[in-house]
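So the structure is just underneath, and the comments pick up after that.
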Amino acid sequence: MLNKCSYLRLRHKKGQLYYYCVKHRKIVLNSCYIGCSDKEYKNYKKLKQKTDKQKKLESSRYSIIQDDLNKCYFCNNKSQDWHELIKGTCRKKCIKYGLCVKICRTCHRRTEEDIEFYKETRKIAQKKWQEYYNKSEDDFIKEFGRSWL
């Protein structure tokens, strides 16, 4: 319903759904009411586009954790998506330091839904970062804000 009138509301009474015109204060039979001459359509915002800087950063992803980028890091199926092991405000830092892995859609969904699995991925990321860059846990805390070990 992208072309829905701005005056049209979906309401319900006693379990029955119906459309109501706020301007004319009357019930409308369906959502594409043709007889109205005062239709005003909602203006929808365009989706925000990625900046060139963000595109460049994401296209230059690499992994210090995984060697074979054609297979999923967790289940060895065919990989499809890049996944940053620490999400949120640390996402750009993960891309910068190579804390990204290629994973399949099933494992990607699992990292989003399973909290314990996500906690394990953060521990893996911290261990690999400390080994690869020869840094201590304090350096990791300075860079990423906290320790997950």
Side-chain angles (χ1 to χ4, degrees), residues 1-12 15-23 28-34 36 39-149:
M1 285 208 242
L2 290 175
N3 293 329
K4 194 169 85 169
C5 179
S6 60
Y7 299 120
L8 196 63
R9 305 285 188 266
L10 182 63
R11 294 193 175 168
H12 62 89
Q16 295 292 324
L17 292 173
Y18 63 93
Y19 289 97
Y20 182 80
C21 179
V22 180
K23 185 165 187 170
V28 178
L29 296 176
N30 57 20
S31 64
C32 52
Y33 180 58
I34 299 171
C36 183
K39 272 190 180 181
E40 289 182 20
Y41 294 104
K42 291 183 179 180
N43 294 326
Y44 291 93
K45 295 179 183 176
K46 291 183 179 179
L47 293 175
K48 186 178 178 183
Q49 299 293 320
K50 290 183 181 178
T51 62
D52 290 335
K53 186 177 179 182
Q54 185 69 22
K55 284 180 191 176
K56 185 178 178 183
L57 183 68
E58 289 183 1
S59 67
S60 64
R61 286 185 195 155
Y62 67 98
S63 178
I64 63 170
I65 299 166
Q66 185 179 18
D67 294 327
D68 186 10
L69 297 177
N70 294 323
K71 292 186 177 180
C72 175
Y73 179 71
F74 300 111
C75 66
N76 287 329
N77 288 337
K78 185 179 177 188
S79 65
Q80 296 171 335
D81 299 327
W82 277 103
H83 177 67
E84 294 81 24
L85 294 177
I86 304 170
K87 58 183 172 182
T89 57
C90 299
R91 184 171 178 267
K92 287 183 181 179
K93 291 179 185 176
C94 283
I95 295 171
K96 177 182 172 184
Y97 289 112
L99 298 177
C100 303
V101 290
K102 290 277 276 201
I103 58 176
C104 65
R105 296 268 162 90
T106 308
C107 292
H108 205 240
R109 196 173 312 110
R110 186 175 166 205
T111 58
E112 298 295 324
E113 295 171 355
D114 189 1
I115 295 169
E116 293 300 319
F117 184 66
Y118 177 62
K119 287 179 182 177
E120 289 300 316
T121 61
R122 290 187 293 197
K123 289 178 184 178
I124 292 168
Q126 182 173 350
K127 286 178 188 175
K128 291 290 186 175
W129 188 86
Q130 289 176 354
E131 289 173 14
Y132 189 81
Y133 293 105
N134 295 322
K135 304 259 181 157
S136 67
E137 190 172 342
D138 293 332
D139 295 328
F140 187 84
I141 292 170
K142 285 178 188 173
E143 191 64 39
F144 290 93
R146 63 174 288 196
S147 174
W148 285 284
L149 295 179

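Listed for the E84 side chain is no donor-acceptor partner under 3.5 Å among the backbone atoms of I86.
A distance of 10.0 Å separates CD in Q54 from OG in S59, rounded to the nearest 0.5 Å. Rounded to the nearest 0.5 angstrom, L99 CG and I64 CD1 are separated by 5.0 Å. Of the inter-residue distances, the one linking F74 atom CZ with H83 atom NE2 reads 6.0 Å to the nearest 0.5 angstrom. The NZ atom of K96 lies 12.0 Å from the SG atom of C90; values are rounded to the nearest 0.5 Å. With values rounded to the nearest 0.5 angstrom, Y18 atom OH is found 8.5 Å from H12 atom NE2. A distance of 13.0 Å separates SG in C104 from NZ in K71, rounded to the nearest 0.5 Å.
Between I95 and C100 the shortest heavy-atom distance is CA-SG, 3.9 Å. What you find for C75 and C107 is that their closest heavy atoms are SG-SG, 3.7 Å.
Here the options are K135, E131, Q130, the test is side chain to side chain contact (heavy atoms under 4.5 Å, CB included), and the partner is Y133; only K135 passes. Put simply, the residue from K123, E137, R122 that forms a side-chain hydrogen bond (donor to acceptor under 3.5 Å, both in side chains) with S147 is E137.
Contact annotation: the side chain of L8 never approaches that of Y20 to less than 4.5 Å [non-hydrogen atoms, C-beta and beyond]. Side-chain contact between I103 and S79 is absent, with no heavy-atom pair separated by less than 4.5 Å. Side chains of W129 and L85 form no contact here, defined as non-hydrogen atoms less than 4.5 Å apart. Side-chain contact between K102 and W82: present, with at least one pair of heavy atoms (C-beta onward) separated by less than 4.5 Å. Side-chain atoms of W148 and F140, non-hydrogen and from C-beta on, do get closer than 4.5 Å to each other. Side-chain atoms of I124 and Y73, non-hydrogen and from C-beta on, do get closer than 4.5 Å to each other.
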Return all side-chain donor-acceptor pairs below 3.5 angstrom for residues 111-118, not counting sequence neighbours, or 'none' if the list is empty.
unit_1, atom_1, unit_2, atom_2, d
T111, OG1, H108, O, 2.6
D114, OD1, E116, N, 3.4
Y118, OH, K87, N, 2.9

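The number of heavy-atom neighbours closer than 6.0 Å to NZ of K93, taken from other residues, nucleotides and ligands shown, is above 12. The number of heavy-atom neighbours closer than 6.0 Å to CG of D67, taken from other residues, nucleotides and ligands shown, is 12 or below.
Remark: Q49 engages no residue in a side-chain contact (heavy atoms from CB on, under 4.5 Å) (not counting sequence neighbours).
Salt bridge E58/R91: present, at least one basic N to carboxylate O contact under 4.0 Å.
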